[in-house]
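Below is one structure; the comments refer to it alone.
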Amino acid sequence: MEIDKAIGESDDTRLKTKYNNAIFVIKRAFSLYSIEEVAFSFNGGKDSTVLLHLLRAGYFLHKKELSCSNGGLSSFPVRTIYFESPSAFTEINAFTYDAAQTYGIQLDIIRQDFKSGLEALLKANPIRAIFLGVRIGDPTAVGQEQFSPSSPGWPPFMRVNPILDWSFRDVWAFLLTCKVKYCSLYDQGYTSIGSIHDTVPNALLSVNDTSSKEKFKPAYLLSDGRLERAGRVKKNASTKNDVGSDSQKHEVLLASVIAVGDEILSGTVEDQLGLSLCKKLTSVGWSVQQTSVLRNDIDSVSEEVDRQRSICDMVFIYGGVGPLHSDVTLAGVAKAFAPDEEFEEYLRHLISEHCTGDRNEMAQLPEGITELLHHEKLSVPLIKCRNVIVLAATNTEELEKEWECLTELTKLGGSTSLLELYASRRLMTSLTDVEVAEPLSKLGLEFPDIYLGCYRKSRQGPIIICLKGKDNARIDSAVQALRKKFKEGVFVDMK
Ligand SMILES: Cc1cc2nc3c(=O)[nH]c(=O)nc-3n(C[C@H](O)[C@H](O)[C@H](O)COP(=O)(O)O)c2cc1C
Ligand SMILES: Nc1ncnc2c1ncn2[C@@H]1O[C@H](COP(=O)(O)OP(=O)(O)OP(=O)(O)O)[C@@H](O)[C@H]1O
Ligand SMILES: [Mg+2]
């Protein structure tokens with residue numbers, strides 16, 4: 001089986017692990033459900049293309065274990081469904097139909113919306129489980145595991161997500177290692193594909209060109225996989241009001257703040273920057289997941305940065321930046337990224353064999369992944385390594401300036417900065433927590449795009465409720481909805 005062989009021959013241990021885990025999930029699903037009871041939701045996107053080949057390999061290996069493999073796989077036995085929409089890219093449609101033909105797939109084309117289409121499908125067929133190419137980081141992945149029952153309000157079936165824990169780079173390592181075809185849009189700078197109305201090439205892959213037509217590098221050259229959806233035009237949050245859908249939650253971005261300094265740990269210096277940074281991040285709607293203080297030690301820094309960058313959207317690190325012997329922060333950050341640099345070397349090698357297009361593209365890759373964020377107001381640039389930002393500030397005034405510049409510099413080609421002010425409001429109430437608990441969780445379901453936080457200043461004291469979101473009008477509606485649930489005047493607005 002060519003996919004299993006290609007991965008077996010590869011020396012990419014990370015890819016092998018991801019592959020083996022995904023195959024394990026697929027084989028378990030084939031053991032749990034009969035072939036008539038499973039379906040594959042295929043849409044020609046990169047993630048579902050990965051899944052197509054994993055399913056081909058998984059089915060082959062499952063059969064082999066049952067010793068009834070005939071050694072090859074001429075047709076694909078899993079019922080495959082494609083929700084075709086008039087707003088799909090023609091390239092996506094063409095690729096989906098092409099792949100079906102190449103791999104002997106019988107495509108069930110569904111021309112209804114997902115929910116109605118699935119209802120009809122499940123009524124007419126004994127399907128109990130559906131394979132999806134959903135990955136952590138997709139808005140629809142929130143709360144899902146490799147085996148996740150469909151959401152309330154959806155027809156009952158098991159969602160099987162074998163590549164849930166795959167990153168953007170894992171997807172490309174797989175497609176390039178296995179040398180399989182993928183939709184041509186990915187070679188034109190598209191990194192995640194929705195409909196023609198909400199998807200453009202990823203501006204981060206734009207190549208400065210003097211000719212009038214903007215050019216883009218292929219998707220696999222996107223150095224920061226977290227920005228895979230930068231080519232998706234944001235949908236209006238207020239149009240997503242279908243309660244119960246996994247896709248609407250998690251508008252809040254997660255941050256981690258790391259201070260480096262022996263002098264903080266010994267109590268010689270008080271860390272003011274952490275406090276100030278947490279306030280700033282919170283004021284723009286980010287949720288700070290953790291603050292930590294580390295010794296001036298390269299390994300401590302690299303381990304913490306590595307851990308935090310994989311669980312947070314952005315890591316902010318300060319202290320220990322400079323030329324002194326104790327300034328090890330940059331070395332620690334660099335060490336945290338070392339495996340990725342190795343991976344880029346490997347990708348370079350892989351692509352020079354595989355790619356028939358412009359080979360020089362790879363040579364244009366920055367040395368590694370570091371960006372220097374220059375700003376006229378700053379004497380030294382800010383440093384950004386993927387989702388880690390190194391701040392050079394040593395006091396709160398310097399931080400103020402760097403923050404201002406960062407806000408301007410992180411405008412990702414559009415008009416909105418990642419750090420632009422969010423709308424927020426705080427209410428105080430002397431109701432008990434038992435009285436507010438249930439109405440508040442209901443409010444959370446009615447306004448999934450709004451972050452709802454609660455705290456109190458003392459055990460017996462009043463409860464303070466924070467509402468944060470992108471839009472003042474939405475916050476006002478949520479406050480109104482909350483007030484309606486209680487007698488008048490029980491919530492007092494706070495500054
Ligand atoms: C086979 C299949 C099953 C789905 N099951 C669910 C589900 O159980 N719950 C849910 O909220 N959405 C479900 N969805 C919808 C997706 O979460 C998501 O809304 C859809 O893929 C559209 O993504 P987009 O808004 O990025 O285009 C399902 C979609 C498909 C294709
Ligand atoms: N129109 C559709 N028809 C069938 N399955 C779909 C459709 N849209 C989404 N899916 C399922 O949901 C999964 C996740 O969709 P998503 O758009 O995140 O990934 P993708 O299309 O495979 O890749 P990309 O992120 O590059 O668009 C798909 O892999 C597929 O299993
Ligand atoms: Mg897609």
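Ligands are counted one by one from 1 in listed order, and the atoms in each one are counted from 1 as well.
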Which of these, Tyr82, Trp154, Phe157, has its nearest heavy atom closest to atom 10 (C) of ligand 1?
-> Trp154

Only heavy atoms count here, so choose which of Arg135, Lys46, Glu84, Arg232 is nearest to atom 25 (O) of ligand 2.
-> Lys46

Any N or O of [X] that comes nearer than 3.5 Å to an N or O of ligand 2?
| X | answer |
| --- | --- |
| Ile193 | yes |
| Gly133 | yes |
| Phe83 | yes |
| Tyr82 | no |

I need the atoms of ligand 1 closer than 4.0 Å to a non-hydrogen atom of [X], numbered in the order shown.
| X | answer |
| --- | --- |
| Ser150 | 8 (O) |
| Thr140 | 16 (C), 17 (O), 18 (C), 19 (O) |
| Ser41 | 1 (C), 31 (C) |

Distance only, no hydrogens: is a donor on one side chain within 3.5 Å (strictly under) of an acceptor on the other, for Asn93 and Thr90?
-> no

When you look for heavy atoms under 4.0 Å from ligand 1, do you find them on the side chain of [X], its backbone, both, or neither?
| X | value |
| --- | --- |
| Arg232 | side chain |
| Leu118 | side chain |
| Leu132 | side chain |

Please confirm if an N, O or S atom belonging to Ile193, backbone or side chain, lies less than 2.8 Å from the Mg ion (ligand 3).
-> yes

Below 4.0 Å from any atom of ligand 1, is there a heavy atom belonging to Lys115?
-> no

Non-hydrogen atom of Phe114 closer than 4.0 Å to ligand 2 | yes

Is it true that Arg229 lies under 4.0 Å from ligand 2, counting heavy atoms only?
-> no

